[in-house]
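Have a look at the structure below before the remarks.
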Amino acid sequence: MTIKRLGLIGLTLISLVLSGLSLFSSWQEPQFQSRLELYQTNIALQAQAWQPEDNKDENFQVVRDAILGDQPLDNAVKQYQEARKSVQTNLDKAKNQLAKLRSQPVNTPAPPKPLPETRPSENPSSQQQQQLEQSLNQLQKLLAELDLRLGILQAQQGKTDLALKTWTDLQQRSDIKPEFQETSTVLIGLWSNPPRLLPNAQQLIQKNLEGWFRANALEQLYKLQQRPEALSAVQAAQQQAATQAVLKLAVIGIFPTLAALIGIILLIAVFAQRLVKGKAALLAQNADVAWTTPWGGETILQVFILGFFLMGQLFVPLLLSLLPISLTGGNVRFQAFSVLLRYLLVASGALLVLYLSIKRFFPLPELWFRFNFQGKWFLWGLGGYCAALPIVVVVSLINQQLWQGQGGSNPLLQLALESQDSVALGIFFLTAAIAAPFFEEILFRGFLLPSLTRYLPVWVAILTSSLLFAAAHLSLSEILPLTALGIVLGVVYTRSRNLLAPMLLHSLWNSGTLLSLFILGSGN
């Protein structure tokens, strides 16, 4: 037993180091939220051209303002300026890190005899330098794209001088591809007085600009070229895109807003009922009732350290590295399948460790791992989802101010946003909306939360399990929002005592996120 405990302590320390390094590495990574806001801004810009057939209706402006906001163009400029600032900050950091790495002296003594075959790519320093150079190139490209678009926004605001300066500064940069410099030259010519038209203007605009930005640049070009048919075609296409953009904004904006309003009403009702009836309130049932837990802290550590953290950080990656094919890279379908495979292997390993760890305590006391398809689990799950929306939104707004666009994000979100492949999206949905709720709710709400009630009050067990649930996603910027979501999941489970309720809530949350990402990605 002593050897087992020492081994468990050692594995705990290893898992804490690995998890801490993963969290620390996300510290200076950009948040996914910044990219997401730009995608939504681009759709809002497309929707500006929306003109329904009966646009003389008094309610038209009200509906338009509700969907697009009061000043969509000004809001877009602000959003792009903030995004540019964030990218520039990350670019400066990457340059400094790369400069430090290149300036490090190499004082490696000569080995006494030839070493086995060693590829340069196996050198950690060389790998880090390659990663930094790749990140640097991506940031430089993104910054150039932002400047091209920002200039068009400024020109549409009537700030032509500022737009020309933005493009001129971009034109003079030496760290970008020539095509971006040429495109900036084209845009400068279009908005100069007198204008200057380059022979390859249309090709460069179509290649390096997209959506609303491409349409506005082409409109300016066709007006100067006096090509009314081409101009009419662009305007017609822009009107069609605007109608689709309005529908997309309605789906990702109106439905979550309605659900959040229902959630606010539910939260007010819960607090009011608790104030009036106290612990006798319907929604306060089981609030202080702990589970009967037959195992101790050693079993809890064994399940989470061996079955979850090390399974995901060490064992599964090692197993996959032995495969004859690489699971990194490839097309988006292959990446989606790789994500699902990794997740299923981690989940299967963790659930196997859980089963073996508690098998000797069978039969378990009442209410453990309860799946009851009768009762009010559906209402608990749906109501919990509505209540979680306003809570997580408020926490996320605070979180953005704290991290200022840093702290990293789940890479699955970026893949889902940029993938418009139906098969890949189906695999992502299977991973995030079915596999993740089933596995994570069994582990964090089904096992961890009740186990902690052996040592802690129920509300402290909910908070502790929520923090561990958030930390397990290994992204600093997501800890506060995921902790808030975990608390709602924990409350729903403790009140309903039915795992189907938090599983439904978790599935609705992830499904809503994936749907929003798909809609936003389809408009960019």
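Hydrogens, waters and symmetry mates are skipped; everything else that's a heavy atom, side chains included, is used.
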Please tell me whether N42 and Q46 have a donor and an acceptor in their side chains that are separated by less than 3.5 angstrom. no
Are H473 and E478 linked by a side-chain donor-acceptor pair shorter than 3.5 Å? no
Taking atom [atom1] of [X] and atom [atom2] of [Y], what is their separation to the nearest 0.5 Å?
X: Q171; Y: I188; atom1: CD; atom2: CD1; value: 4.0 Å
X: I487; Y: I391; atom1: CD1; atom2: CD1; value: 8.5 Å
X: S511; Y: H506; atom1: OG; atom2: NE2; value: 9.5 Å
X: L204; Y: L198; atom1: CG; atom2: CG; value: 8.0 Å

For the pair W191 and W167, name the ring-plane relationship: parallel under 30°, tilted 30 to 60°, perpendicular over 60°. tilted
Fit a plane to each ring of Y385 and W509, take the angle between them on a 0 to 90° scale, and name the class: parallel (under 30°), tilted (30 to 60°) or perpendicular (over 60°). perpendicular
E145/K141 salt bridge by N-O under 4.0 Å criterion: yes
Salt bridge or not between K165 and D169? Use side-chain N to carboxylate O under 4.0 Å. yes
[X] to [Y] - nearest heavy-atom pair and separation:
X: V316; Y: R342; value: CG1-O, 4.3 Å
X: S184; Y: Q181; value: OG-O, 2.6 Å
X: L45; Y: F213; value: CD1-CZ, 3.6 Å
X: A432; Y: P437; value: O-CD, 3.2 Å
X: I427; Y: R333; value: CD1-O, 4.2 Å

Could you tell me whether F518 and F429 have their ring centroids closer than 6.0 angstrom? no
If you count heavy atoms of other groups shown closer than 6.0 angstrom to CD of Q240, is the number above 12? no
Surrounding CZ of F438 (heavy atoms of other residues, nucleotides or ligands, distance under 6.0 Å), is the total greater than 12? no
Trace of the side-chain contact (heavy atoms from CB on, under 4.5 Å) decision for W212 with I152: CA-CA 10 Å; W212 180 87; I152 294 175; 4.0 Å; yes
Set out, in order, the CA-CA distance, both residues' side-chain angles and the distance that settles side-chain contact (heavy atoms from CB on, under 4.5 Å) for L190 and L221, then state yes or no. CA-CA 6 Å; L190 291 180; L221 174 65; 3.8 Å; yes
May I have the step-by-step check of side-chain contact (heavy atoms from CB on, under 4.5 Å) for K85 and Q81, ending in yes or no? CA-CA 6 Å; K85 182 180 178 182; Q81 287 173 336; over 6 Å; no
I'd like to know whether L485 forms a side-chain contact (heavy atoms from CB on, under 4.5 Å) with L505, so could you lay out the CA-CA distance, the side-chain angles of the two residues, the decisive distance to 0.1 Å, and finally the verdict. CA-CA 10 Å; L485 178 62; L505 193 168; 4.0 Å; yes
